[in-house]
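Take a look at this one; I'll ask things after.
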Amino acid sequence: MTGSGARILFHAMAVGAVMTERPATSQGVIDAVLIESKSGRQAVRGRFFIDASGDGDLAAWAGVPWEKAPPIDGMMYPSLMFRINGVDVNRAGPAPWRTVERLMDEAERAGTHTFPRKKPIVRPQRNPLEWRANLTQLRREDGGAIDGTDVDELTRGELIGRQQALDAFAFIRDRTPGFEDSYIVDIAPQIGIRETRRIVGPYQLTEDDVLGCADFDDTIGVNGWPVEAHVAGTVEFRWQRDPRGYNQLPFRILLPGNVGNLYVAGRCASMTHGAQSAARVTGPCFVMGEAAGTAARMALSAGLPGDAIDVQELQRRLQDQGAYLGRTAPEPIR
Ligand SMILES: Cc1cc2nc3c(=O)[nH]c(=O)nc-3n(C[C@H](O)[C@H](O)[C@H](O)COP(=O)(O)OP(=O)(O)OC[C@H]3O[C@@H](n4cnc5c(N)ncnc54)[C@H](O)[C@@H]3O)c2cc1C
């Protein structure tokens, strides 16, 4: 990024958008993003914008239609992750992550413990002394998922997340062979949000596209992750029906429809709740980010709105950059 000449701005929060008053086209045009930081309130003006906020913040301020699943029986639950260090690898045995899940199930059946979430992901890192723990589930008082676009709910999530991390760690340390002298080495600096706003663009990727491994003429890359739904109390997986195991991602999921100088990339792109439960993970988010950046450059140099660029040329550029569009069998990893 620094090598490209981009000006980077850390420690700044986008808080609003200013639209051009009378755009030349029927689509809205963003003139500036308002930011707040230690330097005060400022406006960053631009000719093209990419909303990769995860929450579709800029899109929402610019008037792009969006949807959000209901907190109860809908939106996926967030988690606060932490890492454990000081594990005795020899005492822990060959597959100790299974032990943690078994011990938790046994404790629940015995009635001694109730855990916020089943299916813990407690796994060794590259250095096996160190383990990552993904097993918290952050709820509102009514049991619904914490909403990552509400500051009060985010605050509650930070508080209960830390309590859940401490409780879970104490259980693991006290019961799992090899963890007797372990300790929490760090807790994520903020809770991890899985789902909030998703824009509703000209095409919404669907769960059926994911499970049926759909192809699209305007492919920009692939998603190879199944549906991983963080529902109340557990995690549900739904796997692709086709052994190929991946779906293509269409360029159209980046398009906001009614705003001409904006792309929306990442977990807030135009996907249904079911599709987002798969394509929200990092691989497809990389795909969307690269395509949005490449396409924005094309739109800017051609002086065109974001939805009017030459998609075949975009695909050529992405392939030249080494992107995999999912049209040929993937090359084996060596
Ligand atoms: C607990 C947890 C575990 C996960 N585990 C995995 C895993 O093992 N493998 C995997 O592939 N995926 C995993 N995921 C999913 C994946 O990490 C995310 O879905 C993905 O990173 C989303 O990418 P994104 O670019 O859309 O958003 P993000 O990665 O969230 O990036 C958004 C960025 O925008 C910034 N931002 C947001 N709003 C503003 C604003 N208003 N102003 C300024 N900056 C702003 C944020 O600070 C952030 O840096 C996990 C998610 C969670 C929550």
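Whatever order the structure lists them in is the order used to number ligands and atoms, beginning at 1. One is the number of the first residue; the rest follow in order along the sequence.
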- Message: Looking only at protein heavy atoms, which one is nearest to atom 26 (O) of ligand 1, and what is the separation?
- Response: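 So the nearest neighbour among protein heavy atoms is Arg267 N, 2.8 Å.
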- Task: Kindly state if atom 23 (O) of ligand 1 has a protein heavy atom within a strict 4.0 Å cut-off, that is, under 4.0 Å?
- Result: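 So far as the 4.0 Å threshold goes, atom 23 (O) of ligand 1 is in reach of a protein heavy atom.
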- Taking Thr219 for the side chain and Phe216 for the main chain, is one N or O donor matched with an acceptor at less than 3.5 Å?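 It does not hold such a pair.
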- Closest non-hydrogen atom pair between Leu154 and Asp147, with its separation: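 What the structure gives for the nearest pair is CG-O, 4.2 Å.
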- Item | Sub-4.0 Å protein heavy atom near atom 6 (C) of ligand 1 |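 No; the ligand atom in question lacks any protein heavy-atom contact below 4.0 Å.
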- Any non-hydrogen atom of Asp55 lying under 4.0 Å from ligand 1?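 The answer is no, since Asp55 has no heavy atom less than 4.0 Å from ligand 1.
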- Query: Counting heavy atoms only, which part of Thr282 comes closer than 4.0 Å to ligand 1: side chain, backbone, both or neither?
  - Reply: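 Contact part for Thr282 vs ligand 1: both backbone and side chain.
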- Task: Indicate whether any N or O donor in one side chain lies under 3.5 Å from an N or O acceptor in the other, for His230 and Gln137.
- Result: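 On atom types as modelled, these side chains do not qualify, holding no pair under 3.5 Å.
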- Pull out every atom of ligand 1 sitting under 4.0 Å from any heavy atom of Ile193, numbered as shown with elements.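 In order of number, 53 (C).
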- For Ala59 against Leu262, the heavy-atom pair lying closest together: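 Between these two residues, the closest heavy atoms are CA-CD2, 4.0 Å.
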- Where Arg139 and Ile160 come nearest, the two heavy atoms and their spacing: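 Taking every non-hydrogen atom into account, O-CD1, 3.3 Å.
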- Task: Would you name the heavy atoms of Gly257 and Pro202 that are closest together and state the gap between them?
- Result: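 Shortest heavy-atom contact: N-CD, 4.1 Å.
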- Message: Less than 4.0 angstrom from a charged side-chain N to a carboxylate O is my criterion; do Glu313 and Arg316 meet it?
- Response: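 Here Glu313 pairs with Arg316 in a salt bridge, since their nearest N and O are under 4.0 Å apart.
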- Query: Does the ring centre of Phe48 sit less than 6.0 Å away from the ring centre of Tyr263?
  - Reply: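 Centroid distance Tyr263-Phe48: below 6.0 Å, so yes.
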- Message: Below 4.0 Å, non-hydrogen atoms only: which portion of Cys285 touches ligand 1? Side chain, backbone, both or neither.
- Response: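 Answer for Cys285: side chain.
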- Message: Any atom of ligand 1 sitting under 4.0 Å from a heavy atom of Ala12?
- Response: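 Yes, that is the case, since the closest heavy atom of the residue is under 4.0 Å from the ligand.
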- Task: Considering only protein heavy atoms, determine whether one is less than 4.0 Å from atom 10 (C) of ligand 1.
- Result: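 Given the 4.0 Å limit, the answer for atom 10 (C) of ligand 1 is yes, a protein heavy atom qualifies.
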- Query: Would Arg197 and Asp57 pass as an ion pair if we require N to O under 4.0 Å?
  - Reply: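 So Arg197 pairs with Asp57 through a salt bridge.
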- Task: Of all the heavy-atom pairs spanning Ala269 and Arg198, show the shortest one and how long it is.
- Result: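 Heavy atoms of Ala269 and Arg198 come nearest at O-CB, 3.8 Å.
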- Task: Name the closest protein heavy atom to atom 27 (O) of ligand 1, giving the residue it belongs to and the distance to 0.1 Å.
- Result: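 Residue, atom and distance for the closest contact: Gly54 CA, 3.9 Å.
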- Less than 4.5 Å apart, any side-chain heavy atom of Arg109 and any of Glu106?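 Side chain of Arg109 against side chain of Glu106, heavy atoms only: contact under 4.5 Å found.
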- Query: Taking N or O atoms only and a 3.5 Å limit, does Arg194 qualify as a polar contact for ligand 1?
  - Reply: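 Arg194 vs ligand 1: no N/O contact under 3.5 Å.
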- Audit row: Ile220, Leu254, side-chain contact (heavy atoms from CB on, under 4.5 Å) steps and yes/no: CA-CA 10 Å; Ile220 49 170; Leu254 310 179; 4.0 Å; yes
- Query: Tell me, which protein residue and heavy-atom name are nearest atom 13 (C) of ligand 1, and how many Å apart are they?
  - Reply: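 Here the nearest protein heavy atom works out to Val281 CG1, 4.4 Å.
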- Give the residue and atom name of whichever protein heavy atom lies nearest to atom 51 (C) of ligand 1, and the separation in Å to one decimal.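 Of the protein heavy atoms, Arg280 NH1, 4.1 Å lies nearest.
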- Message: Any protein heavy-atom neighbour for atom 35 (C) of ligand 1 (distance below 4.0 angstrom)?
- Response: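 Within 4.0 Å of atom 35 (C) of ligand 1, no protein heavy atoms are found.
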- Task: Taking only heavy atoms of Gly192 into account, list the atoms of ligand 1 that are under 4.0 Å away from them.
- Result: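 Counting atoms of ligand 1 from 1, those under 4.0 Å from Gly192 are 53 (C).
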- Are the charged groups of Arg267 and Asp55 less than 4.0 angstrom apart, N to O?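 Yes, this pair counts.
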- Look at ligand 1 and say whether Pro78 reaches it with a heavy atom at a distance under 4.0 Å.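 So Pro78 does not count as touching ligand 1.
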- Task: Run down the list Leu9, Val33, Asp57 and name the one with the heavy atom closest to atom 38 (N) of ligand 1.
- Result: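 Nearest heavy atom to atom 38 (N) of ligand 1 lies in Asp57.
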- Message: Tell me whether atom 47 (O) of ligand 1 lies less than 4.0 Å from at least one protein heavy-atom position.
- Response: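 For atom 47 (O) of ligand 1 the answer is no, since every protein heavy atom stays at 4.0 Å or beyond.
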- Taking only heavy atoms of Asn134, which atoms of ligand 1 are found under 4.0 Å from at least one of them?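 Selected atoms, number and element: 3 (C).
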- Trp61 N/O to ligand 1 N/O under 3.5 Å: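 Between Trp61 and ligand 1 (N or O atoms, distance only) the closest approach is not under 3.5 Å.
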- Query: Any non-hydrogen protein atom below 4.0 Å of atom 42 (N) of ligand 1?
  - Reply: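 Answer yes: something from the protein, a heavy atom, is under 4.0 Å.
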- Item | ligand 1 N/O within reach of Ser79 N/O, cut-off under 3.5 Å |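 No: no nitrogen or oxygen of Ser79 is under 3.5 Å from one in ligand 1.
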- Message: Students should be able to answer this: which protein heavy-atom is nearest to atom 33 (C) of ligand 1, and at what distance?
- Response: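 Ranking protein heavy atoms by distance from atom 33 (C) of ligand 1, first comes Ala52 O, 3.8 Å.
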- Message: Arg194 vs Ser277, test: side chain to side chain donor-acceptor pair (under 3.5 Å). Steps then yes/no.
- Response: CA-CA 8 Å; Arg194 293 191 169 85; Ser277 303; over 6 Å; no
- May I ask you to check if ligand 1 and Ala14 share an N or O to N or O distance below 3.5 Å?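 Yes; at least one N/O pair falls below 3.5 Å.
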- Query: Identify the closest protein heavy atom to atom 45 (C) of ligand 1: which residue and atom is it, and at what distance?
  - Reply: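 It is Ser53 CB, 4.6 Å.
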- Item | Closest non-hydrogen atom pair between Ala299 and Gly306, with its separation |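 So the two residues come closest at CB-CA, 4.4 Å.
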- Item | Atoms in ligand 1 flagged as close to Gly266, the criterion being non-hydrogen separation under 4.0 Å |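 Taking each heavy atom of Gly266 in turn, ligand 1 has 26 (O) under 4.0 Å.
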- Using a strict 4.0 Å threshold on nitrogen-to-oxygen distance, state whether Arg140 and Asp152 make a salt bridge.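 The answer is no: the pair does not qualify as a salt bridge.
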- Item | Sub-4.0 Å protein heavy atom near atom 53 (C) of ligand 1 |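 Looking at atom 53 (C) of ligand 1, one finds that a protein heavy atom does lie closer than 4.0 Å.
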